[in-house]
Amino acid sequence: MGENNLTNFFSEYIKQESIFKQKSALQNNFLPNEITHRDEQIMNVAKILAPVLKGNKPSNLFVYGKTGTGKTLTIRHITENLMKTAETQKIPLKVIYMNCKMGKVADTEYRLIATLAREFGQEIPITGLPTDEIYSIFFRCVERAEKSVFIIMDEIDSIIGKIGDEILYNLTRINSELKKSQITIIGISNDLVFTDNLDPRVKSSLSEEEVVYPPYNAFQLQNILRERSTIAFREDAIEPGVIEKCAALSAREHGDARRAIELLRVAGELAEREQSKKIQLSHLDLADDKIEKDRVLDTILKQPKQYHVVVYSILKLTKNSESVMTGEVYDLYKNVCNSVNLRPLTQRRVSDVISELDVLGVINAKVTSKGRYGRTREITTEVGPEILDEAWKAVSEELGL
DNA sequence: AGTCCACAGGAAGGGCAGGCGA
DNA sequence: TCGCCTGCCCTTCCTGTGGACT
């Protein structure tokens, strides 16, 4: 492309009206004014938390629901409103939001409590203090603040899985020693059976109240998408039927609104890149593929090198035949390892790698018996051919083959 | 009915990194 | 800062097994 062409392209690009009016409305940290189809949950949570406005301690609360059911969104919505009211009424309230999945912030007991204490302006060394000390520092901070404190622990299942439930026990116990302040814990979890694995003492004190968020159905997703799209897109930027199809595609999975919104955003981006004036049904299909492709590629590339060799071997073998067996994969795997100077893992381990890849949804591996010819896994690749191609290219390149 | 293939997948332990308490 | 502990990856060794073949 010559220089003039390029200049033309850029000036044309500026002139071209964007499909988007406010793209941030489709970003996942967007906080809409109105939340659709969650009235019941919002009212329940609001009733549980409201006593704080009269100086009483609200019950601890647990919120369950699969991803994209509006848990984080509604809790943020409610607490923000609560804060406003508390401010005008001069009620001392502090809300701390923590996402427990964020590494380095809240992935150990020490860090988590330290993060909480820092919220009160307390300086805490990154390491070095005994955990007891951290607790008492935190305790003093809270007591000095003379406030009602809400601690929102999002994705709480992920830390409890990692560091155990003792931390929750300690946090709830602190409460009985506080005189001028009080702590209310709001746990948010994707895992519906999460509390079953908790220590009974923790369980009873923590899930004093529970609110469950069911998945959205296709109809509800449509409404949500409509609402967001009127903010996000120019008028008439969407062909009829697009919203309906987008909702249907996502409802088919498990009513994940986050995914539905992402799908619409990616479709919009693709439409814009094609310089199309409207989002069409075909853009949705492309977006669906793109998201899946990115997901698969992402998960593959995130794995260590050994896994790449296994994936490489599987992809190479499945080019010629529908399905392959563990043994074939392992033979090729060993050869490939030799040619890229990598010490091969044992078959036992590769067998585990294969089943891990299966769990990740990169491949399909089913144990079958071939009778006289043994028992093995039948490995197939279920994702589309163009995804395989990209994966193949990425992995080959990475291995230098 | 019995054999036997080609693995699956459990158990135990080695070795290593990274975090923890002192 | 250093040893200790823990969790993770991996190996070794092992037993288990569905069904085509004899």
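Lettering follows sequence order; numbering is per chain, from 1.
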What is the distance, rounded to the nearest whole Å, between atom CD of Gln347(A) and atom P of dC10(C)? 16 Å
Side chain of Arg349(A) (C-beta onward), nearest among dC21(C), dC9(C), dG19(C): dC9(C)
Lys NZ or Arg CZ of Lys23(A) over Phe30(A) ring: under 6.0 Å, within 45°: no
What is the separation between atom CE on Met325(A) and atom P on dC7(B), rounded to the nearest whole Å? 5 Å
Earlier contact from the 5' end, DNA chain B, for Lys370(A) and Arg377(A): Lys370(A)
Per atom distances to the Arg348(A) side chain, the nearest of dC10(C), dC7(B), dA11(B) is dA11(B)
Distance, rounded to the nearest Å, where Lys305(A) contributes NZ and dC10(C) contributes P: 14 Å
Take atom CG of Asp352(A) and atom P of dA11(B), then tell me their distance rounded to the nearest Å. 13 Å
Any donor-acceptor pair under 3.5 Å linking the side chain of Arg377(A) with the backbone of Ser351(A)? yes
Contact class for Pro304(A) (heavy atom, under 4.0 Å): base, sugar-phosphate, or nothing? nothing
Just N and O in the side chain of Thr326(A): are any of them under 4.0 Å from OP1 or OP2 of dC7(B)? no
Without decimals, in angstroms, what is the distance between Arg372(A) CZ and dG2(B) C1'? 12 Å
Closest to the Thr346(A) side chain, choosing from dA8(B), dT17(C), dT11(C): dT11(C)
Euclidean distance, atom CD1 of residue Ile354(A) to atom P of dC10(C) [Å, nearest integer]: 14 Å
Arg38(A) side-chain N/O to Lys71(A) backbone N/O, donor-acceptor pair under 3.5 Å: no
Measure OH/Tyr307(A) against C1'/dC10(C) and give the value in whole Å, please. 10 Å
Between Tyr213(A) and Tyr64(A), is the ring centroid distance below 6.0 Å? no
Atom OH of Tyr373(A) and atom P of dC4(B) are separated, to the nearest Å, by 15 Å
Nearest to side-chain heavy atoms of Thr376(A), which nucleotide of dC5(B), dC7(B), dG19(C): dC7(B)
Is Arg140(A) salt-bridged to Glu143(A), cutoff N-O under 4.0 Å? no
N/O donor-acceptor pair, side chain Arg375(A) with base dG19(C), under 3.5 angstrom: no
